[in-house]
Amino acid sequence: MAKFQPEAGKIVLHQSDGTPWQTTVRELMHHPAVRPSTRTRKDLPAASRGRQPKSMLDLPADKHRLAMLRVEHLHEVETGFRSGDPFRALPWEPKPDYDPDVTTLTERRHAKVRELRQAAVAHPCQAAEQRLDKVSYRTLVRWGLGLRKFGPVGCADDRWLREATGHRITPEVREAILAVRHETLHRSKLTGKDRERLIHQYVREEFGKEAEEEIPSYETLRVLWQEWFGSSGARQRYAVSAARAQEVATGRHVVASRPGQVVALDTTVLPVKVRENMFGDPVNVHLSLALDVYTHSIVAFRLTLVSDTSVDIAMILRDVMMPLPMRPDWGEDMEWAYPGVPSTVVTEFAGHKTAGLPFFSPETVTTDHGSVYKNHHLVEVQRVIGANVRPSRVLRPTDKQAVERAFGAIQSLLFRILLGYQGIDAADRGLNPEADACLTVAEMEHLIATWIVKIWQNRRFGSYAPSWDPLGDHSPNSLFAASMAQGGFALQIPSADLYYKLLPQHRVTIHGRRGVKIKNLWYDGPALDDWRFRRSGRGGVAKNKYVFHRDPRDPCNVYFQDPLTHEWHQLRWVGLPEEGQVPAFSDSRVRQVMRDLRDQGLAPKSDKELLPVLLDLIGAKVPVEQWPTRLTKAQRTEIAREEAQAAAAAADRPHTPLPGAEGARPAPRVPRPSEPGDNVVELQWQRRVEQGQLAIDVERRRRREAGAHQPAPSASLSQRLRGTSLMDLIDEATGPHVLDNSHDAEENH
């Protein structure tokens, strides 16, 4: 039971033992021990309570297709289009029964039920296979609720998440598939239907018509072909897409009517040479921008020393949803000043002073056709944040022209006047831009952030005025303030757990004693004690496995969500020393370590034996007197990139420390490598070399001490005779030499 006192700004909560607890709204929202109850949470289905939630990755391929087919039917019911987007409408869409302009949602649902019933009567086998023969009005309502809450997996049945039994084929069909594979390996590209016809031809001619009845369906053959030989790749997509674009060209522009409706995302190489903060070498960095199409606000950006990955894109989308913290040298003119929502309210919810930059939950994110935007990780990211990440249409420059123009505007307004500017191409390049570079990566990041908040957001538009005031003077800030006055503002700040949910997933089994193995590294922690000898209860392709999240930029830790309490825990690499005593390393460095050990014929038994080799590679072990000038620029740049990635990963982690973590880490919206609090210690090369050499010396000393306690072998009689000359005179004081074992034992000792 809670009681709110508005005059004091306090909340009185009664704990389980009956004692009152007086607190504030701010403390309650940011308290590390306060979490939503797992019994009353509405973002998880009842079947997922007590275990980790299901996702589309758990569904087999055929069930995935059926779930997406249900999603298409729901899109047609809710919007009138199978794709859910009027810009991707098919020639016959919208149908009269699904036209949203003349029908209601209830009428469209009843029309869909009639359509599925008629299809079930006309094609009963196909309808039964697609599980659409018994769909009712309530079924469509239930699917719609599941789609809005959990994404496409909300339309899937729990019965689908069972262990796959595999496909059974006859030896004749197996021989036919292998023969067709050999025949079509060097021919022009064929489709799956063409390969199916060749399989039928081979079985008919080699084994007779009776054996042709044992050939499975086309879908089974397609799945078998993909399992045996992998994906056949894409078609000549560029030529086909260009021809299709000429046929269905409409010339329509993407028109946005509110902030967050469309966010354009793109990455380019920064046209200014900068110096990385440790070695001072001029390097190229990549600039990623997220631009709101309606207000033309640059709501997020990132600078990376390497090309952006899916993790970087996920963190940019997270930055779009979070308020930008104020920096120490920013004045009051850069604080949150939008009318409608006072800055005190935003500060109360965010926990820090907020800069004057919009933040919201994006609805649609438009990207290019890069592979980084098409992987499974980003598909899971868009499900978590509730947005649609869609590539721009081929030969449609209007889909992403806003962010392209933004790159050109930043270049003309800021980058051209900076030292180290490289020009548009080689013909415009200066004499030596590398020598002119004077800004570090951290300084360039701070300069761009200040320029965006102070100049870009207040810059007057030229030709981007809104339709309701085409002759007025507007800026990104004025458009955002006007939209808040028209449609309001949803003050939604994601929780700190969003960082862990956006990381790539790994489905592995928990070892009883060693923990979990991910990417050739073992991770362990007290959080696994209750789940070591228990099955996860998950079905589908990841049967009885647990889900772990891992940041590829900093593989020192992985993150595990407790299936019962849904609390996040941090698991450290078992071969990692104490916090701050090892330099940063990445996945490529781990792969290099494993490759070098394999080439040397070594087989380490534990990860602690990998640490000297890892430090040897990271520190570029060379003689100390040759160290300062013998490292190549490529080696120095590679180490700087790894440390920059580790610093960005540390900056993205939330404020609240997880169980198993050493301490809290700051989580600014934009990565700031120069800010203290990161878990990466910038070691000098001298100390790196000393660390690697010290680890090797300790191991050698241990081996020498172990060998020193072994008894020396006794010398034979011939060896003792050869050790003493027979021509030596007898010493009268001591008498003749007696060859006894006691004298030899004393000498050996």
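With a 4.5 Å cut-off on side-chain heavy atoms, Gln226 and Val223 do not count as touching. Using a 4.5 Å heavy-atom cutoff, the side chains of Lys273 and Asn284 are in contact. Counting only heavy atoms from C-beta outward, the side chains of Asp319 and Leu317 never approach each other to under 4.5 Å. Two residues are said to be in side-chain contact when any heavy atoms from C-beta on lie closer than 4.5 Å; Arg195 and Leu221 fail this criterion. Counting heavy atoms from C-beta on, the side chains of Val285 and Thr304 never come closer than 4.5 Å. Counting only heavy atoms from C-beta outward, the side chains of Leu105 and Val77 approach each other to under 4.5 Å. Between Met322 and Phe359 the shortest side-chain heavy-atom distance does not fall below 4.5 Å. Counting heavy atoms from C-beta on, the side chains of Val403 and Leu265 never come closer than 4.5 Å.
Between Leu132 atom CG and His73 atom NE2 the span is 5.0 Å, to the nearest 0.5 Å. Here Leu59 contributes atom CG and Met68 contributes atom CE; the two are 10.5 Å apart, rounded to the nearest 0.5 Å. Between atom OG of residue Ser483 and atom CZ of residue Phe360 there is a gap of 9.0 Å, rounded to the nearest 0.5 Å. Here the CE atom belonging to Met321 is positioned 14.5 Å from the CD1 atom belonging to Ile316, to the nearest 0.5 angstrom. The CZ atom of Phe301 sits 8.5 Å away from atom CG of Leu289, with the distance rounded to the nearest 0.5 Å. We find the OG1-CD1 distance between Thr295 and Ile298 to be 10.5 Å, quoted to the nearest 0.5 Å.
When every heavy atom of Arg459 is checked against every heavy atom of Leu413, the shortest pair comes out as NE-CD1, 3.4 Å. The nearest pair of heavy atoms linking Ser412 to Ala409 is OG-O, 3.0 Å. Across Val320 and Pro362, no two heavy atoms sit closer than the pair CG1-CD, 4.2 Å. Here the closest heavy-atom approach between residue Arg318 and residue Leu498 is recorded as CG-CD2, 4.1 Å. Closest approach of Pro323 to Thr354, counting heavy atoms only: CB-CG2, 3.4 Å. In plain terms, the two heavy atoms of Leu378 and Val372 that are nearest each other are CD2-O, 3.9 Å.
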Arg258 vs Glu363, test: salt bridge (Lys or Arg N to Asp or Glu O under 4.0 Å). Steps then yes/no. CA-CA 10 Å; Arg258 57 187 178 274; Glu363 302 177 18; 2.9 Å; yes
Derivation and outcome, side-chain contact (heavy atoms from CB on, under 4.5 Å), residues His549 and Val558: CA-CA 6 Å; His549 295 255; Val558 296; over 6 Å; no
Give the C-alpha distance, both sets of side-chain angles, the deciding distance and a yes or no for ring pair (Phe, Tyr, Trp, His ring centres under 6.0 Å) between Trp568 and Tyr559. CA-CA 7 Å; Trp568 289 91; Tyr559 306 98; 7.6 Å; no
Does the side-chain contact (heavy atoms from CB on, under 4.5 Å) test come out yes or no for Phe407 and Asp266, once each step is laid out? CA-CA 9 Å; Phe407 278 123; Asp266 199 4; 3.8 Å; yes
Carefully, step by step, assess Glu227 and Arg222 under the rule salt bridge (Lys or Arg N to Asp or Glu O under 4.0 Å). CA-CA 9 Å; Glu227 291 178 354; Arg222 186 190 65 82; over 6 Å; no
For the pair Val269 and Leu287, evaluate side-chain contact (heavy atoms from CB on, under 4.5 Å) and give the outcome as yes or no after the intermediate values. CA-CA 6 Å; Val269 178; Leu287 174 63; over 6 Å; no
Does the pair Tyr499 and Leu503 meet the rule for a side-chain contact (heavy atoms from CB on, under 4.5 Å), with working shown? CA-CA 7 Å; Tyr499 165 76; Leu503 297 179; 4.0 Å; yes
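The main-chain N or O of Thr191 is found under 3.5 Å from a side-chain atom of Asp194 such that the two form a donor-acceptor pair. Of the possible polar contacts, none joining the Glu78 side chain to the His75 backbone as a donor-acceptor pair under 3.5 Å is found. The backbone N or O of Thr309 lies less than 3.5 Å from no partner atom in the side chain of His377, so there is not a single donor-acceptor pair. Side chain of Asp554 to backbone of Ala649: no donor-acceptor contact under 3.5 angstrom is found. Side-chain N or O atoms of Gln457 include none that pairs as donor or acceptor with a backbone N or O of Ile452 at under 3.5 Å. The main-chain N or O of His474 is never found under 3.5 Å from a side-chain atom of Ser478 such that the two would form a donor-acceptor pair. One N or O on the side chain of Trp456 and one on the backbone of His296 form a donor-acceptor pair closer than 3.5 Å. Formation of a donor-acceptor pair under 3.5 Å by the Gln492 side chain with backbone atoms of Ser361 is not found in this model.
For the residue pair Ser83 and Glu72, no side-chain donor N or O sits within less than 3.5 Å of a side-chain acceptor on the partner.
Between Tyr421 and Phe415, the distance separating the two ring centers is not shorter than 6.0 angstrom. Taking the ring centroids of Phe548 and Tyr500, they lie at or beyond the 6.0 Å cut-off.
Just one residue in the list Val102, Thr79, Asp99 forms a side-chain contact (heavy atoms from CB on, under 4.5 Å) with Pro94, and that residue is Asp99. The side-chain contact (heavy atoms from CB on, under 4.5 Å) test with Cys155 singles out one residue from Leu66, Leu69, Val71, and that residue is Val71.
A search for side chain to side chain contact (heavy atoms under 4.5 Å, CB included) contacts involving Leu57 returns Ser55, His376, Gln505, Arg507, not counting sequence neighbours.
Relative to the ring axis of Trp228, Arg181 does not place its NZ or CZ within 45° and under 6.0 Å from the centre. Tyr98 carries Lys112 over the face of its six-membered ring, with the cationic atom under 6.0 Å from the centre and within 45° of the normal.
Arg653 has no carboxylate O lying under 4.0 Å from a charged side-chain N of Asp551, or vice versa, which leaves the two without a salt bridge. A salt bridge does not link Asp58 to Lys545: none of the charged side-chain nitrogens sits closer than 4.0 Å to a carboxylate oxygen. The existence of a salt bridge linking Arg302 and Asp652 is confirmed by a sub-4.0 Å separation between a basic side-chain nitrogen and an acidic carboxylate oxygen. With respect to Arg553 and Asp312, a salt bridge is recorded, a charged nitrogen being found less than 4.0 Å from a carboxylate O. Ion pairing between a basic and an acidic side chain is recognised when a charged N comes within 4.0 Å of a carboxylate O; Arg108 and Asp97 show no such pairing.
Heavy-atom neighbours of Arg460 CZ from other residues, nucleotides or ligands within 6.0 Å: at or below the threshold of 12.
Ring-plane geometry between Phe480 and Tyr338 is classed as perpendicular, the angle between the planes exceeding 60 degrees on a 0 to 90 degree scale with a lower cut at 30.
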